[in-house]
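Scroll down for the structure; my scribbles are underneath it.
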Protein chains: 2
Amino acid sequence: MRYGVGVDLGGTSVKMGLFTSSGELLESWSIKTDRSDNGKNILRDIAKSVSVKLAMKGIDKKQVDGLGIGIPGAVRRGVVDKCVNIGWGYVDIVKELEPLCGIKVYAENDANTAALGEFKVGTGADYNGIIFLTLGTGVGGGIISDGRIIQGFSGYGGEVGHMIVNYDETERCNCGACGCLEQYTSSTGIRRLALKRLKESDEESTLREYGDDLTTKDIFHEAEENGDKIAGEAIDYAMKMLGRACGNMCHVVNPEAVIMGGGVTNAGDFLLEKAKKEFDKNVKYIAGDTKICLASLGEKAGIYGAFYLTKM
Amino acid sequence: MRYGVGVDLGGTSVKMGLFTSSGELLESWSIKTDRSDNGKNILRDIAKSVSVKLAMKGIDKKQVDGLGIGIPGAVRRGVVDKCVNIGWGYVDIVKELEPLCGIKVYAENDANTAALGEFKVGTGADYNGIIFLTLGTGVGGGIISDGRIIQGFSGYGGEVGHMIVNYDETERCNCGACGCLEQYTSSTGIRRLALKRLKESDEESTLREYGDDLTTKDIFHEAEENGDKIAGEAIDYAMKMLGRACGNMCHVVNPEAVIMGGGVTNAGDFLLEKAKKEFDKNVKYIAGDTKICLASLGEKAGIYGAFYLTKM
């Protein structure tokens, strides 16, 4: 029997999965991400945890074909330049992790890795090429075209959160530009839109009761349960911006499907209809119906994709 | 000695090149594109012309590794669905052309093919991944990422002419959407912008003397030679829209360079500075300096790229 390991390195925890070489997930577990000392213990902790797990299962490392790892930063040829979430500067992941764990290592950006997971075993398995978007605190993404990850020359392939979708925006995104997708379609973006509307209007809104504690979840709740107009408008606008971005992305790489994951999408697929409406308005030239749909692997997309990195 | 053939099929002529297998162009020639009867003679004409050329050179077809051909339509797996310029509907190019010419055939979209040419032997040879744009009557493009053409699921990869760059546009593009790159940055787009400005203002302009015969070339001429304000504004606006599109494209596929070819770029590289200014305003997140530069192969990009299709 042969095996593979998938690792999804995040800012708070490291999720790991042990797979058979045919892709069956045998066991998943996680450890805390130790961000102390600029995260210098992280790779050692991962190697140790994997080694312990394999020993417990009675699996010799020689039976393990590879370990894939998704990293929250731009990765190019196994190297990350900077990884703010976990305190890393330049780290040659492959070179450092391979001797620690004694298994061949494959490293990729985490959103690209999750995209690969969705492409291989999630919603994307039905499609020829996909763009995967994560709508969370920020907006990230990954692209699989003809079965391969588009990494880009500096590892920023699929990092579509900073595409400009609104050239009239006057507020700056964290990146320094104005009108980035992330300013609207992330959870912080939707909250920003709602707060702005609350400030600019005197309209009655159940959102006002939340004060500064208002969360994006509250906004979705008030829109759906209480039909709050300002909440609804913020969501509509966010999805309109998402539709714009999807349209332009599809003109660039012409995927068969755009697949959405991340916390914001927990609100449900009514979101996608709103985005698709704007998408259809903007995409007239490309032949073939591009699907816009929800991801299906949830938080496990990362470990599945990481496992499949070892098969590329 | 071994050889390869590159064919660039256009609406008025078919350009062809005979190459050594190492990519040296031995001879280039062209024939007229016979669009009569929905272009049914085109493939036969190409096969005949290639056969005659090889015979004249004393080259046996067994010495020819392959024939690559660029097609003015979306190509997927050697098949084109529709090719308006030359009257084709569905054509399985590989299946039809191979028996006619007795050489292995590789077919691709023409802009993707030209992109490959620029990537292999033109400006792109210095870069890891490129987006190639043709600014002509329309705007087309091709993307090479990690050495491979991004074809897309229905063959529309790199067809960036219909990305939306202006959400305030009220005039429709030929495609049916409003605000497409092609509405501004093509030669027809620049002319449209100038005519619109002339109509909307009473400002003195040397462009008015041209009347309906005004061409994009005239607009460039009057802007550069006579400092005509309206001509200059039309060009500036077109390049601003180009910069916007380049920014969004780079957030999707993160190429090392965006390379511009086509008739509009004959005006010179002062155009690129204008586009780069808007690009820099919009692209803050991607690390590494993305180059924006001119193509270098001119009309030969197509046959070079077509030859390299046989090497993919």
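Reckoned from all heavy atoms, side chains included, excluding hydrogens, waters and symmetry mates. Protein chains get the first letters and strands the later ones, always in sequence-line order, with residue 1 at the start of each.
- Distance check, rounded to the nearest 0.5 Å: CG of B:Asn282 to SG of A:Cys173 gives 11.5 Å.
- Taken from CD1 in A:Ile286 to SG in B:Cys175, the straight-line distance is 10.0 Å, to the nearest 0.5 Å.
- Within the 4.5 angstrom heavy-atom criterion, no atom of B:Asp280 approaches chain A.
- For B:Val253 against A:Val252, the heavy-atom pair with the smallest separation is CG1-CG1, 4.1 Å.
- Only the side chain of A:Asn128 comes within less than 4.5 Å of a heavy atom in chain B; its backbone stays farther off.
- A parallel orientation is assigned to the rings of A:Tyr285 and B:His162, their planes being inclined by less than 30° (bins at 30° and 60°).
- Distance NZ/A:Lys284 to SG/B:Cys180: 10.0 Å, rounded to 0.5 Å.
- Residue B:Arg172 does not touch chain A at all, counting heavy-atom pairs closer than 4.5 Å.
- Heavy-atom distances place both the backbone and the side chain of B:Ile164 under 4.5 Å from chain A.
- Of the residues considered (A:Ala245, A:Pro255, A:Gly129), A:Pro255 shows the highest number of contacts with chain B, using heavy-atom pairs under 4.5 Å.
- Contacts between A:Arg148 and chain B at a heavy-atom distance below 4.5 Å involve the side chain alone, from C-beta outward.
- The greatest number of non-hydrogen atom pairs below 4.5 Å with chain B, out of A:Met249, A:Gln151, A:Glu159, A:Met163, is found for A:Met163.
- Counting heavy atoms from C-beta outward, A:Asp168 and B:Tyr167 have side chains that stay 4.5 Å or more apart.
- At least one donor-acceptor pair under 3.5 Å links the side chain of B:Asn254 to the backbone N or O of A:Ser154.
- In this structure, no portion of B:Asn174 lies under 4.5 Å from any heavy atom of chain A.
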